[in-house]
Structures are given as structure tokens and as C-alpha cells.
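Quick notes on the structure that follows.
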Amino acid sequence: MIADERPNRVPAGVVRLKNGTLCRIRPSGPSDRERLAACFETLSPESRRLRFFGVKQALSPSELDIYAQADGLDHIAFAAVRLDPRGRELEALGFARCIRLAGAPESAELSMTVVDAAQGQGIGAALLTRLIPAARAQGIRRFRCEVLAENGGMRRLAQR
């Protein structure tokens with residue numbers, strides 16, 4: 001069972017979204033390659049534009065390789081994965097990552113994607129709550145994030 005007898009309690013590493021959905025926030029790695037591809041496929045054209053700053057039809061195999069190869073040191077990534085009532089992982093609802101900048105070892109480029117159907121449910125905040133301390137543990141003190149002016153959700157999250 002995923003939750004204990006108290007209905008509002010969830011296990012460590014699991015968050016209850018605003019709509020009640022349970023998801024696990026965990027490190028992302030090579031086994032998430034297919035989830036990354038499926039997550040991208042569910043994004044609307046507008047979400048793709050806001051995330052990639054232009055029209056993007058698909059992620060290339062090399063992009064998927066890069067996104068799936070977080071090493072936990074210079075490339076740190078977390079996934080938010082929806083859980084069924086028994087606690088089994090289903091589809092990915094979002095990913096957050098930071099990649100250390102060459103020549104600036106205390107800084108990293110931050111990026112995040114949340115599927116359209118789950119936007120506004122607290123996934124971005126949950127992902128950052130896990131990503132920030134993991135980055136700090138590797139000596140990263142600052143995130144750099146390029147965001148389009150009209151991407152209000154990401155701008156609000158970045159300011160927090």
C-alpha cells in the first residue's frame with residue numbers, strides 16, 4: 001500500500017499533487033529514456049515552444065541519450081512519476097535537471113518540463129525541492145535559467 005492508515009500521509013519521496021494524484025520524485029537515469037520520449041510526445045505545441053524556444057517536432061536520439069545520462073555530479077536529474085494505488089510507477093509527469101556550466105563549476109543550467117495535463121499541480125516545486133539539495137551537495141550554488149517572457153509559470157517558479 002502506498003499510504004499508511006492516515007489518509008493525508010504519504011511515504012518519503014512521494015508527493016500528493018494539488019489534484020490528489022500521488023507521484024514519486026526520484027533521480028532520473030538511463031531507464032527513463034522511454035519515459036522522457038513519452039513525456040515529450042504529450043506536450044502541446046505551445047508547451048514545446050515555451051520549453052525549447054521554438055517549434056520542435058521530436059527529440060532526437062542524441063538528445064534522448066544526453067537527457068537520460070545524468071551522472072549525479074555534473075548532470076543531476078529528477079523525474080516525477082505518477083503512481084497507481086499500489087505504489088507502482090506509471091507515466092512520467094515531469095523532469096527537472098541541471099547541468100554544470102563549463103568554466104563556472106558553481107553554476108548550472110536549469111531546465112524543467114511538466115506534461116500539460118499536470119501543469120499547475122505542484123510538480124515543478126516538488127522537483128526543485130529535490131534538485132536543489134542534490135545540486136548543493138555537488139558544489140552547485142547557482143542555477144541559470146533562460147525562460148521566455150510569456151512563460152509565467154516557470155518565471156514564478158524560478159523566482160521562488
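- In this structure, Phe95 has its ring center at least 6.0 angstrom away from the ring center of Phe40.
- For the pair Leu43 and Thr113, the minimum side-chain heavy-atom distance is below 4.5 Å.
- Using a 4.5 Å heavy-atom cutoff, the side chains of Val55 and Gln57 are in contact.
- Sequence neighbours left out, not one pair with a member in residues 121-131 passes side chain to side chain donor-acceptor pair (under 3.5 Å).
- Salt bridge absent: Glu46 and Arg51 never bring a charged side-chain N and a carboxylate O closer than 4.0 Å.
- The one candidate from Ile123, Ile25, Leu127 that meets the side-chain contact (heavy atoms from CB on, under 4.5 Å) condition with Val15 is Ile25.
- Of all non-hydrogen atoms in Met112 and Gly124, the two that sit nearest each other are SD-CA, 3.5 Å.
- Atom-to-atom distance recorded for Ile66:CD1 and Ser60:OG is 7.0 Å, nearest 0.5 angstrom.
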Verify side-chain contact (heavy atoms from CB on, under 4.5 Å) between Ile76 and Ile140, making sure each step is shown before the conclusion. CA-CA 10 Å; Ile76 303 164; Ile140 295 169; 4.1 Å; yes
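- In this structure Asp116 satisfies the salt bridge (Lys or Arg N to Asp or Glu O under 4.0 Å) test with no other residue, sequence neighbours excluded.
- One hydrophobic cluster holds both Leu131 and Val147 under the rule that ILVMFWY side chains link at heavy-atom gaps under 4.5 Å.
- In this structure, CG in Leu64 is found 6.5 Å from CG in Leu36, a value given to the nearest 0.5 Å.
- Between Glu150 and Arg155, no side-chain nitrogen of the basic residue sits less than 4.0 Å from a carboxylate oxygen of the acidic one, so the salt-bridge criterion is not met.
- At least one side-chain heavy atom of Leu128 sits less than 4.5 Å from a side-chain heavy atom of Leu157.
- At least one donor-acceptor pair under 3.5 Å links the side chain of Arg100 to the backbone N or O of Pro105.
- Annotation: salt bridge (Lys or Arg N to Asp or Glu O under 4.0 Å) contacts of Arg82 (sequence neighbours excluded): Glu91.
- Looking only at side-chain heavy atoms (C-beta outward), Cys145 and Met154 come within less than 4.5 Å of each other.
- When the salt bridge (Lys or Arg N to Asp or Glu O under 4.0 Å) test is applied to Arg142, the partners found at least two apart in sequence or on another chain are Glu106.
- Scanning all heavy atoms of the two residues, the minimum distance from Ala108 to Cys98 falls at CB-CB, 3.8 Å.
- There is a side-chain donor-acceptor pair under 3.5 Å between Arg97 and His75.
- If you check the side chains of Ser107 and Arg144, you find no donor sitting under 3.5 Å from an acceptor.
- A search for ring-ring contact (aromatic ring centres under 6.0 Å, His included) contacts involving Tyr67 returns nothing, not counting sequence neighbours.
- Rounded to the nearest 0.5 angstrom, Leu83 CG and Thr21 OG1 are separated by 10.0 Å.
- The environment of Arg136 atom CZ is sparse: at most 12 non-hydrogen atoms of other residues, nucleotides or ligands sit within 6.0 angstrom.
- Asp32 contributes atom CG, which lies 10.5 Å from atom SG of Cys39 (distance to the nearest 0.5 angstrom).
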Before giving the answer on side-chain contact (heavy atoms from CB on, under 4.5 Å), spell out for Phe53 and Glu146 the whole-Å C-alpha distance, their side-chain angles and the decisive distance to 0.1 Å. CA-CA 9 Å; Phe53 306 151; Glu146 293 185 20; 3.9 Å; yes
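- In this structure Asp65 satisfies the salt bridge (Lys or Arg N to Asp or Glu O under 4.0 Å) test together with Arg33, sequence neighbours excluded.
- In this structure the side chain of Cys23 reaches within 4.5 angstrom of the side chain of Leu17, judged on heavy atoms.
- From Leu59, atom CG reaches atom NZ of Lys56 across 6.0 Å, with rounding to the nearest 0.5 Å.
- Hydrophobic clustering (side-chain heavy atoms under 4.5 Å, transitive across Ile, Leu, Val, Met, Phe, Trp, Tyr) groups Ile132 together with Leu110.
- The shortest non-hydrogen separation linking Arg26 to Arg35 is NH2-NH1, 3.4 Å.
- Minimum heavy-atom separation, Pro27 to Phe78: N-CD2, 3.5 Å.
- Taking every heavy atom of both residues into account, Ser47 and Gln119 meet most closely at OG-NE2, 3.3 Å.
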